[in-house]
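Below is one structure; the comments refer to it alone.
We're numbering straight along the sequence, starting at 1. Quick note: numbers below take in every heavy atom, side chains included, and nothing from hydrogens, waters or symmetry partners.
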Amino acid sequence: MEHTITEAAALLDIGRNTLARELRRLKMLDKHNMPAGPFRGKGIFVVKTGTYEHPTRGKTPYTKTLITDRGLELIRHRLPPKEEPPMNNQPEQQPTGRVHDLGELTVINEDHGRCHHRVAMVVVFDSPEQAQACVKAGSVRLVPSMDLNPDATEALRHGG
């Protein structure tokens with residue numbers, strides 16, 4: 001059976017223009033969508049010719065490239081795999097925050113201790129609910145300062 005590029009694209013679950021572009025990229029078709037040299041006469045493509053009546057030019061010749069079932073299978077194996085969207089159970093409207101680069105930052109703790117950070121970034125949310133939703137969704141993980149690596153915290157305190 002022979003298929004037009006439009007029909008073949010539907011069978012391959014891609015767009016017509018995308019299929020034609022990929023076939024040209026794979027050098028299976030030339031710039032006029034005709035079979036390229038190595039693919040002529042191999043039972044992959046069939047070129048139909050004919051004429052039609054043009055309103056001002058009269059009889060006008062045309063060519064149409066069709067893809068055989070054998071060609072369809074070859075193309076299916078040569079096309080890059082279609083990327084599947086990642087499957088996740090996260091809600092459509094993912095809460096977001098904005099990251100701000102603060103550069104250097106000194107944090108004064110409740111007991112008046114100081115911790116200097118040479119590189120600091122802050123995530124800013126529009127509301128506490130949005131921050132909580134990001135934590136719940138696993139997009140942001142809050143780490144209390146007492147859970148930080150003590151060596152890293154000590155090095156930051158003393159400029160190490």
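Looking at Lys59 and His54, their side chains never come closer than 4.5 Å, going by heavy atoms from C-beta outward. No side-chain heavy atom of Pro61 sits less than 4.5 Å from a side-chain heavy atom of Thr49.
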(Q) If you apply the rule side-chain contact (heavy atoms from CB on, under 4.5 Å), what do you find for Leu66 with His3, and how did you get there? (A) CA-CA 5 Å; Leu66 301 173; His3 311 276; over 6 Å; no
(Q) Does Glu2 form a side-chain contact (heavy atoms from CB on, under 4.5 Å) with Glu7? I'd like the steps, not just the answer. (A) CA-CA 9 Å; Glu2 299 165 352; Glu7 293 166 345; over 6 Å; no
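Under the side chain to side chain donor-acceptor pair (under 3.5 Å) criterion, Glu73 pairs with Arg76, sequence neighbours left out. For Arg21, there are no salt bridge (Lys or Arg N to Asp or Glu O under 4.0 Å) partners, not counting sequence neighbours. A search for side chain to side chain donor-acceptor pair (under 3.5 Å) contacts involving Asn33 returns Arg24, not counting sequence neighbours. Under the rule for a salt bridge (Lys or Arg N to Asp or Glu O under 4.0 Å), the partners of Arg25 that lie at least two apart in sequence or sit in another chain are Glu22.
Other cluster members for Leu26: Ile5, Leu11, Leu12, Ile14, Leu19, Leu23, Met28, Leu29, Phe39, Ile44, Phe45, Ile67, Leu72, Leu74, Ile75, Leu79, joined by side-chain heavy-atom distances under 4.5 Å among Ile, Leu, Val, Met, Phe, Trp and Tyr. Grouping Ile, Leu, Val, Met, Phe, Trp and Tyr by side-chain contacts under 4.5 Å, direct or through others, puts Val47 with Met34.
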